[in-house]
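Keep in mind that this is a model prediction, so the values were computed, not measured. Excluded from the calculations below are hydrogen atoms, water molecules and symmetry mates; all remaining heavy atoms, backbone and side chain alike, are included. Residue indices begin at 1 and follow the sequence shown.
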Amino acid sequence: MRIRVGRLIGYILAVAVTAAIVAVFGGTFLFIMLMMEIVALPIDIITSMLMLRKSELLVSLGTDHTQKGDLVLIGYNLRAGMAFSSYEAAITLTIRNTFYGTSGQTQIAIPVNHEGEMHYVHLRFSLLGYYEITADHVMIRDVLGLADLKKTVDKSVGVTVFPKGDRDTCSYALHPSGGMTEAEETDRCGNDFSDVSEIREYVPGDRPRDIHWKLSAKRDELMIKQREAMSDEQLIVVVEFTEILEENDEVVSEAYSLIKELVRSNVNTQLMWWSAADEDFRRKRFQDQGDVDEAFSEMFGERAEMTEDIDRLMRSVHPEIMGYIRVYSSDGQVKEAVVDGSR
């Protein structure tokens with residue numbers, strides 16, 4: 001309970017003034033007013049305690065998942081459990097991101113009612129992860145406004161925030177600009193992560209992204225890079241977490257979009273990330289697009305821990321893996337690199 005000292009002093013002064021007036025002037029009406037002021041306090045205490053005991057908080061979310069930057073509707077209702085109720089209350093919400101281990105609090109002022117009417121506010125999440133939204137307690141003000149009464153409620157809801165959109169189409173994948181090397185082409189988005197087995201002339205139906213622009217410019221005819229898959233069994237994407245939250249968001253978003261694209265193209269794909277809790281890499285396989293969200297939901301349920309040397313960890317823990325795609329951040333830029341695990 002938190003006493004509002006100013007209001008309490010005001011109440012005591014009001015009773016004292018009324019009592020002084022009754023003592024000087026007398027009169028039945030003034031005496032009744034004095035008795036009502038005196039009785040009002042115990043009545044207020046009794047009704048407030050009843051309301052505190054019978055009140056019930058309901059919290060709900062419009063969805064259990066959303067995309068980064070989108071608005072999420074959260075509904076709340078504080079039922080008084082009795083016809084007589086207060087119109088001033090406040091919920092303290094604790095919002096915790098389990099993926100990054102961050103948390104914060106916000107307070108929402110709400111009315112107490114007995115009709116079951118829901119009230120709504122919008123939340124916008126700026127980082128990826130699983131958010132646990134907990135109403136730890138509610139403060140209900142008594143009718144006279146003399147005190148705020150605290151009630152522990154412990155109501156929780158959760159929402160998973162996924163990356164927004166698919167991979168961007170890279171303009172340089174269709175144009176011979178910049179004169180990129182083979183390694184640079186492999187490291188940029190929009191290109192296959194596979195080995196070039198031979199160079200041949202262009203035939204109708206070949207993909208523009210497979211054009212070897214440097215050689216085509218020299219020969220004055222379109223040449224195609226004939227590719228073969230890195231592995232006949234699977235393609236592994238390894239996410240390297242960073243300590244900067246915004247950069248880590250970009251890395252995870254890139255991995256998410258890359259895997260979405262690979263699964264959509266029916267490529268046998270796996271996702272791996274370092275789990276500090278397990279002291280090992282977590283591995284998820286994909287059969288369809290629905291598996292992608294499920295895998296990243298599992299990732300967001302853990303704490304993202306930065307790894308000093310992800311390639312060394314891979315060689316140490318999983319020496320049997322011969323190659324993979326590493327998604328990481330370097331100098332503030334998200335990159336993808338094909339790693340030969342046999343070296």
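- Of the candidates Thr106, Asp136, Ile133, Asp136 is the only one forming a side chain to side chain contact (heavy atoms under 4.5 Å, CB included) with Thr94.
- The residues Asp291 and Lys284 are annotated as not salt-bridged, no charged nitrogen and carboxylate oxygen being separated by less than 4.0 angstrom.
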Going through the checks in order, is the side chain to side chain contact (heavy atoms under 4.5 Å, CB included) test met by Gln289 and Arg264? CA-CA 7 Å; Gln289 294 286 335; Arg264 188 163 48 242; 3.3 Å; yes
Yes or no on side chain to side chain contact (heavy atoms under 4.5 Å, CB included) for Glu201 and Met223, after CA distance, side-chain angles and deciding distance? CA-CA 5 Å; Glu201 294 181 357; Met223 303 298 293; 4.0 Å; yes
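- Distance check: Glu250 CD to Ser329 OG gives 8.5 Å after rounding to the nearest 0.5 Å.
- In this structure, the separation between OG1 on Thr269 and CD on Glu261 is 10.0 Å, given to the nearest 0.5 Å.
- A donor-acceptor contact shorter than 3.5 Å is absent between the side chain of Asp331 and the backbone of Gln333.
- Side-chain contact check for Leu93 versus Tyr76: every heavy-atom pair is 4.5 Å or farther apart.
- Put simply, the side chain of Arg124 gets close to the backbone of Gly69: a donor and an acceptor are under 3.5 Å apart.
- Residue-environment remark: CE (Met306) exceeds the threshold of 12 foreign heavy atoms within 6.0 Å.
- Under a 3.5 Å cut-off, the side chain of Thr47 and the backbone N or O of Ile43 do form a donor-acceptor pair.
- A ring-centre distance under 6.0 Å is not found for Phe99 and Phe296.
- Closest approach of Asn248 and Ala304 over heavy atoms only: ND2-CB, 4.2 Å.
- Atom CD of residue Glu132 and atom OG of residue Ser103 lie 10.5 Å apart, to the nearest 0.5 angstrom.
- Considering only heavy atoms from C-beta on, Phe162 stays 4.5 Å or farther from Asp70 through its side chain.
- Tested against Ser275, the residues Glu302, Arg282, Arg303 include a single side chain to side chain donor-acceptor pair (under 3.5 Å) partner, Glu302.
- Across all their heavy atoms, Ser330 and Tyr328 have their closest contact at CB-CE1, 3.8 Å.
- Between Asp293 and Lys260, the closest side-chain pair of non-hydrogen atoms falls below 4.5 Å.
- At a threshold of 4.5 Å between non-hydrogen side-chain atoms, the residues Met314 and Tyr324 count as touching.
- Minimum heavy-atom separation, Glu305 to Ala276: CG-CB, 3.4 Å.
- The backbone N or O of Glu240 sits nowhere less than 3.5 Å from a side-chain atom of Arg326 that would complete a donor-acceptor pair.
- Counting only distance, with no hydrogens or angles, the side chain of Thr18 and the backbone of Leu30 share no donor-acceptor pair below 3.5 Å.
- Under a cut-off of 6.0 angstrom, the local environment of CD in Gln287 is sparse, with at most 12 non-hydrogen atoms contributed by other residues, nucleotides or ligands.
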Step-by-step side chain to side chain contact (heavy atoms under 4.5 Å, CB included) determination, Val15 to Leu34: CA-CA 7 Å; Val15 173; Leu34 177 61; 4.1 Å; yes
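- Contact check for Val161 versus Val72: no side-chain heavy atoms found under the 4.5 Å cut-off.
- Summarising the geometry, atom CH2 belonging to Trp273 is positioned 12.0 Å from atom CD1 belonging to Ile310; distances are rounded to the nearest 0.5 Å.
- At a threshold of 4.5 Å between side-chain heavy atoms, the hydrophobic network of Ile, Leu, Val, Met, Phe, Trp and Tyr places Leu146 and Ile9 in two separate groups.
- Summarising the geometry of Glu247 relative to Gly332, their closest heavy-atom pair is OE2-CA, 3.6 Å, with the distance given to 0.1 Å.
- Here the side chains of His137 and Lys151 are not in contact, with every heavy-atom distance at 4.5 Å or above.
- Side chain of Tyr11 to main chain of Glu37: a donor-acceptor pair is present (N/O by atom type, distance under 3.5 Å, no hydrogens or angles).
- The shortest distance between side-chain heavy atoms of Val59 and Ile74 falls below 4.5 Å.
- Tracing side-chain contacts under 4.5 Å through hydrophobic residues (I, L, V, M, F, W, Y), one never reaches Val39 starting from Ile21; they form parts of separate clusters.
- In summary, of the residues considered (Leu235, Leu271, Val327), a side chain to side chain contact (heavy atoms under 4.5 Å, CB included) with Ile259 occurs for Leu271 alone.
- Following chains of ILVMFWY side-chain contacts shorter than 4.5 Å, one cannot reach Leu13 starting from Met33, and the two form parts of different hydrophobic clusters.
- Annotation: Met36, atom CE; neighbour count of heavy atoms from other residues, nucleotides and ligands within 6.0 Å does not exceed 12.
- Contact record, Thr98 with Gly301: OG1-CA, 4.0 Å, taken as the closest heavy-atom pair.
- The closest donor-acceptor contact from the side chain of Thr242 to the backbone of Ile244 lies under 3.5 Å.
- Contact record, Tyr120 with Gly75: CD2-CA, 3.5 Å, taken as the closest heavy-atom pair.
- Linking ILVMFWY side-chain heavy atoms closer than 4.5 Å, directly or via other members, places Ile108 and Met139 in two distinct hydrophobic clusters.
- Atom CH2 of Trp274 and atom CG of Asp280 lie 6.0 Å apart (nearest 0.5 Å).
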As a quick check of understanding, evaluate side chain to side chain contact (heavy atoms under 4.5 Å, CB included) for Ile140 and Leu78, giving each step before the final call. CA-CA 10 Å; Ile140 302 176; Leu78 185 58; 4.1 Å; yes
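- The distance from atom CZ of Arg7 to atom CG of Asp142, rounded to the nearest 0.5 Å, is 8.0 Å.
- Asn97 places no side-chain N or O within donor-acceptor distance of the main-chain N or O of Thr102, the cut-off being under 3.5 Å.
- Phe286 has its side chain within reach of Val292: a pair of non-hydrogen atoms, C-beta onward, lies under 4.5 Å apart.
- The cluster map of Ile, Leu, Val, Met, Phe, Trp and Tyr, joined by side-chain heavy atoms under 4.5 Å apart, puts Leu71 and Val157 in different clusters.
- Of the possible polar contacts, one joining the Asp249 side chain to the Leu128 backbone as a donor-acceptor pair under 3.5 Å is found.
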